[in-house]
Amino acid sequence: MPLSVTVAHFSATGPRARNEDFTGCVTPHGADLASKGFAAVVADGVSGAGGGREAAEHCARNVLADYYATPDTWEVSQSLDKIYSALNRWVQTQAKASPDLIGMATTLTTLVLRGSMYHFAHVGDSRIYLLRDGNLQALTTDHVWQRPEMEHVLTRAVGLDTSITADHGFGLARVGDVFALVSDGVWAALAAPDLQRELEHAATAKDSVVHVARSIVELAHQMGGKDNATALIVRVDDVDANALRDVLQAAKELPALPPLEVGQAFDGFTVEERIHLSRITVLYRVRDAQGRQLAMKALSREAHADAHERLAFAHERWLNKRVVARFFAQNVDPPENASASYSLSTFHNGKTLAQQQKDGGQITIPEAIKYAVELSRAVGALHRRSIIHRDIKPENVHLGDDGQLRVLDLGVAVSGFEVAELSNATRAGTPSYLAPELFNNAEPSAQSDIYAVGVTLYHLLSNKYPYGEIEPFQTPNFGEPTPLSRWRPDCPGWFENIILRALAADPAVRFETAEEFLLAVEQGPLSATSTRQSTLRQPLATRNRLRTWQVVAVLSIILNFVLLYFLNR
């Protein structure tokens, strides 16, 4: 069953002349409900300064709009952090632009229900309460001064400072849970037992949720509340324990793609070539009715019988639809009446870098520099979407006849939005391109992808591996990589330094981000001054102290003989 909620809200000005609270929610449908979930927000503009209402409304509306515009692959906390930071900058800018808006600020409290989880982000003194099994719990902590006379003076709010740090929390949601998002005009006037009594009506369906929201606000004012009062009530009627997994596994209802022959018609496509066949997947070049060439990918019949492989294949399709950039083949939706499970993407003539290397074409230094720039941009595009590729290698980098470099195969990629069944082995990928920390069961990261980029460039230039070839299931020892200049003396020292830093065994020495790697390559020789010397081409005195002293000793002996010769003449 999909996630299902009943929601209602009510807000009243009270004795105040103006209502500076704002609240709202979004309940999407279908795939958006599974991937992004339900979102609700309450904001309370700071009344002691101008623009409180404007800040509250703008921030609440934009949280609800921008959250659904963030990549599906981002964690909820990552999405909300980005949005909160952007809104904080906006409020600060408005306050500086007009003397009437100095001090403009608002509380901002957001609840997201996705699948079977709840997530929240919070700044200020609005609150989220959870009523479960007869127990009422405040999920948020008020950001106010802990002194009796300053209990309503905010220490954190949107617009209060140049930077913002939101509190985050999450947990499992259950059927029957009741969440209440309220402004301080509610909780400051109502004692916890009174609020719990009202929410229990929503939990037991004695009253409509609409009635409960109104009753809470009116009771707060009856109890002497002098502030604006707002309550948004969410009752969880059903949770989706499978969520994204159900979306991904929808493909399993279709049978495996049968073996296709060149010239065969299938689902409106004509097979023109079988490009690849392995134990797991098969790849065809097909042409559709409009004459477009497309790539058709499917699981082999043996792999399709494996539930985990079906899930992984569906996950790859899910990621492909969310990676829209020139560095990747673009997803094309199969027809609605597809008779088998397969994916489609744009087809591009050209070769993988591995094919180019195999055909005997030596990679030149200018080509390698160009590949480094394009590959770092492509990997950066993935990382900004919280996707770790995990299998960067020459076989998965394609150079099209149009000159565009494209990264292929998201089959073992992981994203910030995962389900348990997709947690493949840490060492997924090709052993010789795996970062050393992955052999110690570390989590894959942006830096492990950068390591693979470094090995890819090293191998393209030398046809060797920096630490030697690593066989499957081998646990290697990583020392110092063989200098690239041993195989390619024409490689500039600055470029070798960058590659060696990218493939450093110690992640602390490696580039932290693809953007940092890109900047180093684009700066060219200038970047050599800022690289870390521990893994770069170093002076002999640093690389080998024993050899240094041996050379010094030999030179000293020679010099002594020369001096003796001249003294005895």
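The chain is numbered in sequence order, starting from 1.
- Proximity of a side-chain donor or acceptor of Ser462 to a complementary backbone N or O of Tyr458 within less than 3.5 Å is detected.
- Ionic pairing of Asp359 and Lys351 is present here: one or more N-O contacts between side-chain nitrogen and carboxylate oxygen are shorter than 4.0 angstrom.
- Ser386 and Glu75 share no donor-acceptor pair across their side chains, judged by distance under 3.5 Å alone.
- Nearest heavy-atom pair across Leu434 and Gly429 is CD2-CA, 4.2 Å.
- Among residue pairs with one or both ends in residues 323-333, those qualifying as salt bridge (Lys or Arg N to Asp or Glu O under 4.0 Å) are Lys321-Asp333, Arg326-Glu374; sequence neighbours excluded.
- Taking CG from Leu500 and CZ from Phe495, the interatomic distance works out to 10.5 Å, rounded to the nearest 0.5 Å.
- Without hydrogens or angle criteria, Asp288 side chain to Gly291 main chain gives a donor-acceptor distance under 3.5 Å.
- Counting all heavy atoms, side chain and backbone alike, Tyr371 lies closest to Leu405 at O-CD2, 3.9 Å.
- Atom CG of residue Asn331 and atom CG of residue Asn320 lie 6.0 Å apart, to the nearest 0.5 angstrom.
- A distance of 10.5 Å separates CZ of Phe38 from OG of Ser4, quoted to the nearest 0.5 Å.
- Look at Glu496 and Arg488 and you find no salt bridge, because none of the NZ, NE, NH1 or NH2 atoms lies under 4.0 Å from a carboxylate O.
- The number of heavy atoms from other shown groups lying within 6.0 Å of CZ (Arg132) is above 12.
- A salt bridge is defined here as a Lys NZ or Arg NE, NH1 or NH2 lying under 4.0 Å from an Asp or Glu carboxylate O, and Asp32 with Lys36 fails to meet this definition.
- Around the CZ atom of Arg287, the shell of radius 6.0 Å holds more than 12 heavy atoms that belong to other residues, nucleotides or ligands.
- Not a single donor-acceptor pair under 3.5 Å links the side chain of Glu309 to the backbone N or O of His304.
- Here the side chains of Asp238 and Val175 are in contact, with some heavy-atom distance below 4.5 Å.
- For the atom pair SG of Cys491 and CD1 of Ile365, the computed distance is 4.5 Å after rounding to the nearest 0.5 Å.
- No donor-acceptor distance shorter than 3.5 angstrom exists from the side chain of Glu469 to the backbone of Lys464, with no hydrogens or angles considered.
- Using bins of under 30°, 30° to 60° and over 60° for the plane-to-plane angle, the ring pair Tyr433/Tyr465 lands in the perpendicular bin.
- Between the side chain of Tyr68 and the main chain of Gly37, a donor-acceptor pair closer than 3.5 Å is present.
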Derivation of the salt bridge (charged side-chain N to carboxylate O under 4.0 Å, His left out) call for Asp409 and Arg390: CA-CA 10 Å; Asp409 196 356; Arg390 296 208 295 176; over 6 Å; no

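- Other residues, nucleotides and ligands contribute at most 12 non-hydrogen atoms within 6.0 Å of the CZ atom of Phe170.
- The shortest side-chain heavy-atom distance between Thr23 and Leu181 does not fall under the 4.5 Å cut-off.
- Here the OG-CG distance, from Ser339 to Leu257, works out to 8.0 Å after rounding to the nearest 0.5 Å.
- Using modelled atom types, one finds a donor on one side chain and an acceptor on the other under 3.5 Å when comparing Tyr342 with Asp267.
- Thr6 and Asp237 form a side-chain donor-acceptor contact under 3.5 Å, judged by distance and modelled atom types alone.
- In this structure the side chain of Leu518 reaches within 4.5 angstrom of the side chain of Arg377, judged on heavy atoms.
- The shortest side-chain heavy-atom distance between Arg114 and Val76 falls under the 4.5 Å cut-off.
- Side-chain N/O atoms of His348 and Asp401 include no donor and acceptor closer than 3.5 Å.
- The backbone N or O of Arg174 lies less than 3.5 Å from a partner atom in the side chain of Asp177, making a donor-acceptor pair.
- Between the side chains of Ser415 and Thr73, no donor-acceptor pair of N or O atoms lies under 3.5 Å.
- Put simply, the side chain of Asp167 does not reach to within 4.5 Å of the side chain of Val123, judged on heavy atoms.
- Under the 3.5 Å distance criterion, with hydrogens and angles disregarded, a donor-acceptor pair is assigned to the side chains of Tyr84 and Thr110.
- The minimum heavy-atom distance between Val239 and Ala173, with the atom names listed, is CG1-O, 3.8 Å.
- Aromatic ring pairs are classed by plane angle as parallel below 30°, tilted from 30° to 60° and perpendicular above 60°; the pair Phe478 and Phe439 is tilted.
- When atom types are taken as modelled, the side chain of Arg235 and the backbone of Val178 share no donor-acceptor pair closer than 3.5 angstrom.
- A donor atom on one side chain and an acceptor atom on the other are found under 3.5 Å apart for Gln293 and Glu272.
- Within the structure, salt bridge (Lys or Arg N to Asp or Glu O under 4.0 Å) contacts touching residues 80-89 (residues at least two apart or in different chains) do not occur.
- Thr109 places none of its side-chain heavy atoms less than 4.5 Å from the side chain of Phe120.
- When every heavy atom of Ile388 is checked against every heavy atom of Pro444, the shortest pair comes out as CG2-CB, 4.2 Å.
- At a threshold of 4.5 Å between non-hydrogen side-chain atoms, the residues Leu408 and Phe328 do not count as touching.
- Side chain to side chain, Glu367 and Thr364 meet the donor-acceptor criterion of an N or O pair below 3.5 Å.
- From Phe313, atom CZ reaches atom CG of Leu410 across 12.0 Å, with rounding to the nearest 0.5 Å.
- Not one N or O on the side chain of Arg322 forms a donor-acceptor pair closer than 3.5 Å with the backbone of Pro71.
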Audit row: Arg384, Glu515, salt bridge (charged side-chain N to carboxylate O under 4.0 Å, His left out) steps and yes/no: CA-CA 10 Å; Arg384 285 191 295 276; Glu515 287 74 20; 2.7 Å; yes

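- Between the side chains of Lys393 and Ser432, no donor N or O sits under 3.5 Å from an acceptor N or O.
- The shortest distance between side-chain heavy atoms of Tyr118 and Ile128 does not fall below 4.5 Å.
- Across every non-hydrogen atom of Ala413 and Leu319, the tightest pair is CB-CD1, 3.8 Å.
- Listed by chain and residue number, nothing satisfies the salt bridge (Lys or Arg N to Asp or Glu O under 4.0 Å) test with Asp506 (two or more places apart in sequence, or in another chain).
- With hydrogens and angles ignored, the 3.5 Å screen pairs a side-chain donor or acceptor of Tyr284 with a backbone N or O of Leu260.
- The shortest non-hydrogen separation linking Ala520 to Ile498 is O-CD1, 3.3 Å.
- Ion pairing of Arg501 with Glu516 is present here, as a side-chain N (NZ or NE/NH1/NH2) and a carboxylate O approach within less than 4.0 Å.
- A distance-only check finds no donor-acceptor pair linking the side chain of Arg285 to the backbone of Glu273 [under 3.5 Å].
- A donor-acceptor contact closer than 3.5 angstrom links the side chains of Asp391 and Thr430.
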